[in-house]
Number of protein chains: 2
Amino acid sequence: MPPEFTPNIAPDQPVPDADVTRQAEAGADPVALTRQRLLDAAGPVFAEHGFRAATIRDICAKAGANIAAVHYHFGDKAGLYRAVLEYAHCAAREAFPAHELLNAAIPAEDRLRFYVHGFIRQILDQGRPAWHGQLMAREMVEPSEALDHIVETGIRPKWDVLVAICGELLAPHRDPDLIEHAAASVIGQCLLFKQSSAVIERLFDRRGYSSAELDNIARRISMFSLHALRGLRAERSDSVSGGSV
Amino acid sequence: MPPEFTPNIAPDQPVPDADVTRQAEAGADPVALTRQRLLDAAGPVFAEHGFRAATIRDICAKAGANIAAVHYHFGDKAGLYRAVLEYAHCAAREAFPAHELLNAAIPAEDRLRFYVHGFIRQILDQGRPAWHGQLMAREMVEPSEALDHIVETGIRPKWDVLVAICGELLAPHRDPDLIEHAAASVIGQCLLFKQSSAVIERLFDRRGYSSAELDNIARRISMFSLHALRGLRAERSDSVSGGSV
DNA sequence: TCGAAGCTCAATCATGTGTTTGAATCATCT
DNA sequence: AGATGATTCAAACACATGATTGAGCTTCGA
């Protein structure tokens, strides 16, 4: 009898046990928890192909599990996806601790640089199990039913941090529309290299992003944005919203 | 016998006859060329769902055509898609004549504003048959086999125009990497509102983009970018590539 | 040892979708 | 009118994929 697969989120195990994860990564152990192997295999597949295009047959093959195991442990494909999102959310929170960027002891300019650098690496770094950010980028262009939950728990916290940083850099301006659009400009510059990577590679005539290129991209975006924020700040703050530029 | 459906591009009719198009838009006319009705119906469907998720049954239903008509006129689904891309390319060239923005008589700042404004409207305007830009945005996040052709004929010409404008605004800097990344920053800001619209709508708590909001978005992006370009230009052009910011 | 519960497996079903077919219909020319 | 080729149509086919089933295996406590 199925173990009453947790319909949405497992309250018992909000973050998977690290030991279990390591055990599953051993791979060869046939007794390794199938559920965990499925989660580890499903993450990259969903991140690469999106929810719809990913097939549970592919995931199960990579996990060395039977197709029926998905139904047994997660109910259905959507249940597996929800579990992966929750898993990714917990893992990403420690990988990119955006909240530390609210520390007022660090200059706001540096905090923006760190933010951009961390964001770029999170969505573009290919090496480590970095499918967390890629899953978020996927959801942005191909929303699933879980989007509302993802936005509130995974995206908005980091968005609020960026808005706060931009707000500091734009002071004494206080227009929320100005600040939020500035934050959107920063994010848009970053996401372009992820969501339109195939076109960018052709226009720039480069394939893939090396670590040095990621640093260069992050530096270019930081410079562009900081110059823009300085220029916007220098505008008369009492002028009509948006100024004349 | 099938009329030797043009395997890739029909050299006989590079741009569909306007009269035929208008006739097809009448809709009720059962004698309207099925081929044209299919093209007109397939454009929005491919633009909305992408090549893979779009179904020819849906397209044929909207076109009032039989499913076999796709095979008869275009060979297969991919052939229909190629024809739609070619059709969109011709139609978009007149909708957004980017080449006019190379006119040196207009200040480069204004040309950048026009570019951003036109680009935003092309990818976000919902009213008119504006699926041309949306198809391009789709191809960026979900490339098909036709991507190489699309980049060279539909995207790179407009990209080169933007790079030229940014190059003027950054003079006397001449570093291609600097200029191209600046152009990428401009495009990234625009595409965010298209490719991540579902997330943006939730973060900004607005649904859909009104005409006034499109103008506001374009204005914000232009201001942000022009300030950034001015700041980058003011940097010492003899300093190491990228400067210290 | 026995049995029950948890878990896995190969096989199968159900559905959506691209493709194909052969007949029926239409248009055009003689 | 008749013939011929072009076009349309309903139906069926082939395949991929998610879901399901019932038998078998493993584990563990009585």
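Side chains included, hydrogens not; waters and symmetry mates left out as well; all remaining heavy atoms used.
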ask   = Which letters describe nucleotides 17-23 of chain D, given B = protein heavy atom under 4.0 Å from base, S = only from sugar-phosphate, - = neither?
value = BBBBB--
inquiry  = I need the CZ-P distance between A/Phe74 and C/dC7, as an integer number of Å.
reply    = 12 Å
request  = Answer yes or no on whether B/Lys77 is positioned over the face of B/Phe51, meaning its NZ or CZ is under 6.0 Å from the six-membered ring centre and within 45° of the axis.
outcome  = yes
task = Take the protein atom OH of B/Tyr81 and the nucleotide atom P of C/dT19, then report the distance between them rounded to whole Å.
result = 15 Å
Salt-bridge present (A/Asp177, B/Arg206; N to O < 4.0 Å) = yes
task = Go through the structure and list residues passing side chain to side chain contact (heavy atoms under 4.5 Å, CB included) with A/Ala68, not counting sequence neighbours.
result = A/Asn66
ask   = Is there a donor-acceptor contact under 3.5 Å linking the side chains of B/Ser144 and B/Arg52?
value = no
ask   = Under 4.0 Å between a side-chain N/O of A/His73 and OP1 or OP2 of C/dG6, yes or no?
value = no
ask   = Expressed in angstrom and rounded to an integer, what is the separation of B/Ile59 atom CD1 from C/dT19 atom P?
value = 11 Å
Show me the donor-acceptor pairs, under 3.5 Å and distance only, between side chains in residues 43-50 of chain A and residues at least two apart or in other chains.
from	atom 1	to	atom 2	distance (Å)
A/His49	ND1	A/Val45	O	3.4

query = Between A/His117 and A/Asp215, does any side-chain donor sit less than 3.5 Å from a side-chain acceptor?
reply = yes
query = Between B/Tyr72 (OH) and D/dG5 (P), how many Å, whole number?
reply = 13 Å
